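Predicted model, so just to flag it, every value in this text is computed and none were measured.
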Amino acid sequence: MIYSTGSYPKFLNAVDINGDGKPDIIVVNYVSNNVGVLLNTGNGTFSAQTTYLTGTGPFGLAITDVNGDGKPDIIVANFASNNTGVLLNIGNGTFAAQTTYSTGYRPYYVAAADVNGDGKTDIIVANSGSNNVGVLLNYC
């Protein structure tokens, strides 16, 4: 099957977003400046995507529990906005509007890991335009 996502999908991941034990699809739509969530219906098909606004030119994507509530959140590198957005998982497959964090010039990819050993997930950003890697420490 083919599922429509809007313009120029750049990156995707499959993670159980709504806690039903089935992997859902999360896709970054570069030209339409959003991320789409396609929920797994359980019979080998997915619902039509629900979109959430991002910054301009979203590119990279990471899925992890940012705020420690046990639900996977979305982290997106907004390439043309020069920031990284975090969309917190509200539950049952829905997300809050993104909160943005300034990064270097032209963030391309994001990753998530506890880099300082404090038990909180931090964000690592590859800034292609400034030729560096930035680390956003989580203070939640």
Side-chain angles (χ1 to χ4, degrees):
M1 300 200 92
I2 296 177
Y3 296 89
S4 178
T5 62
S7 51
Y8 210 38
K10 280 290 194 183
F11 198 87
L12 60 83
N13 204 329
V15 175
D16 180 12
I17 290 296
N18 58 357
D20 65 359
K22 300 177 217 95
D24 306 301
I25 299 171
I26 302 88
V27 61
V28 175
N29 298 308
Y30 183 79
V31 173
S32 53
N33 301 320
N34 63 42
V35 292
V37 175
L38 294 86
L39 296 176
N40 190 327
T41 62
N43 62 2
T45 63
F46 293 85
S47 65
Q49 79 169 339
T50 300
T51 59
Y52 299 90
L53 291 176
T54 63
T56 307
F59 199 94
L61 172 74
I63 310 294
T64 190
D65 182 7
V66 173
N67 60 353
D69 66 357
K71 296 178 266 190
D73 306 305
I74 297 172
I75 304 167
V76 61
N78 295 313
F79 181 78
S81 295
N82 301 319
N83 63 36
T84 296
V86 175
L87 294 87
L88 296 177
N89 190 331
I90 295 170
N92 27 16
T94 61
F95 293 85
Q98 80 167 347
T99 301
T100 59
Y101 300 91
S102 183
T103 62
Y105 185 60
R106 302 286 194 220
Y108 207 65
Y109 289 114
V110 292
D114 180 7
V115 298
N116 61 352
D118 66 356
K120 299 174 186 170
T121 303
D122 306 304
I123 299 171
I124 306 160
V125 185
N127 297 304
S128 65
S130 49
N131 297 316
N132 64 34
V133 174
V135 176
L136 303 169
L137 296 177
N138 188 341
Y139 293 106
C140 288

Determine whether Ile124 and Tyr139 fall in the same hydrophobic cluster, where Ile, Leu, Val, Met, Phe, Trp and Tyr are linked whenever their side-chain heavy atoms lie under 4.5 Å apart. yes

Under a 3.5 Å threshold, yes or no: a donor from one side chain and an acceptor from the other, between Asn78 and Gln98? yes

Hydrophobic clusters join Ile, Leu, Val, Met, Phe, Trp and Tyr when side-chain heavy atoms are under 4.5 Å apart, directly or via other members; which others share one with Val28? Tyr8, Phe11, Val15, Ile17, Ile26, Tyr30, Val31, Val35, Val37, Leu39, Tyr52, Phe59, Leu61, Ile63, Ile74, Val76, Phe79, Leu87, Phe95, Tyr108, Tyr109

Which residues pass the salt bridge (Lys or Arg N to Asp or Glu O under 4.0 Å) test with Lys120, sequence neighbours left out? none

Same cluster (ILVMFWY, side-chain, under 4.5 Å), Val115 and Ile123: no

Ser102 OG to Leu136 CG distance, which is reported to the nearest 0.5 Å: 8.5 Å

Can you confirm whether Pro107 sits close enough to Asn127 that some side-chain heavy atom of one is under 4.5 Å from a side-chain heavy atom of the other? yes

Determine yes or no for a side-chain-to-main-chain donor-acceptor pair under 3.5 angstrom, with Ser81 supplying the side chain and Thr56 the backbone. yes

Roughly how far, to the nearest 0.5 Å, is the OG1 atom of Thr51 from the CG atom of Asn33? 11.0 Å

Report the C-alpha distance between Asp65 and Thr121 in whole Å, list the side-chain angles of each, state the deciding distance to 0.1 Å, and finish with yes or no for side-chain contact (heavy atoms from CB on, under 4.5 Å). CA-CA 7 Å; Asp65 182 7; Thr121 303; 5.6 Å; no

Which of these passes side-chain contact (heavy atoms from CB on, under 4.5 Å) with Asn67: Asn89, Asn138, Asp73, Val86? Asp73

Look at the side chain of Asn40 and the backbone N and O of Lys22, then say whether any donor-acceptor pair between them is shorter than 3.5 Å. no

If you look at every heavy atom in Ser7 and Ser32, which pair is closest and at what distance? OG-N, 3.1 Å

Taking the side chain as everything from C-beta on, heavy atoms only, tell me whether Asn29 gets closer than 4.5 Å to Pro58. no

Do the non-hydrogen side-chain atoms of Leu38 and Val27 ever get within less than 4.5 Å of each other? yes

Starting from Leu88, can I reach Ile90 by hopping between I/L/V/M/F/W/Y residues whose side chains sit under 4.5 Å apart? no

Closest heavy-atom pair and its distance - Pro9, Gly6: CD-O, 4.2 Å

Got Thr84 and Ile75 here, is their nearest side-chain heavy-atom distance under 4.5 Å? yes

What is the distance from atom CG of Leu137 to atom CG of Asp118, rounded to the nearest 0.5 Å? 7.5 Å

Taking atom types as modelled, find out whether Asn43 and Thr45 have a side-chain donor-acceptor pair closer than 3.5 angstrom. yes

Atom pair CG (Asp20) and CG (Asn92), whose distance is rounded to the nearest 0.5 Å: 10.5 Å

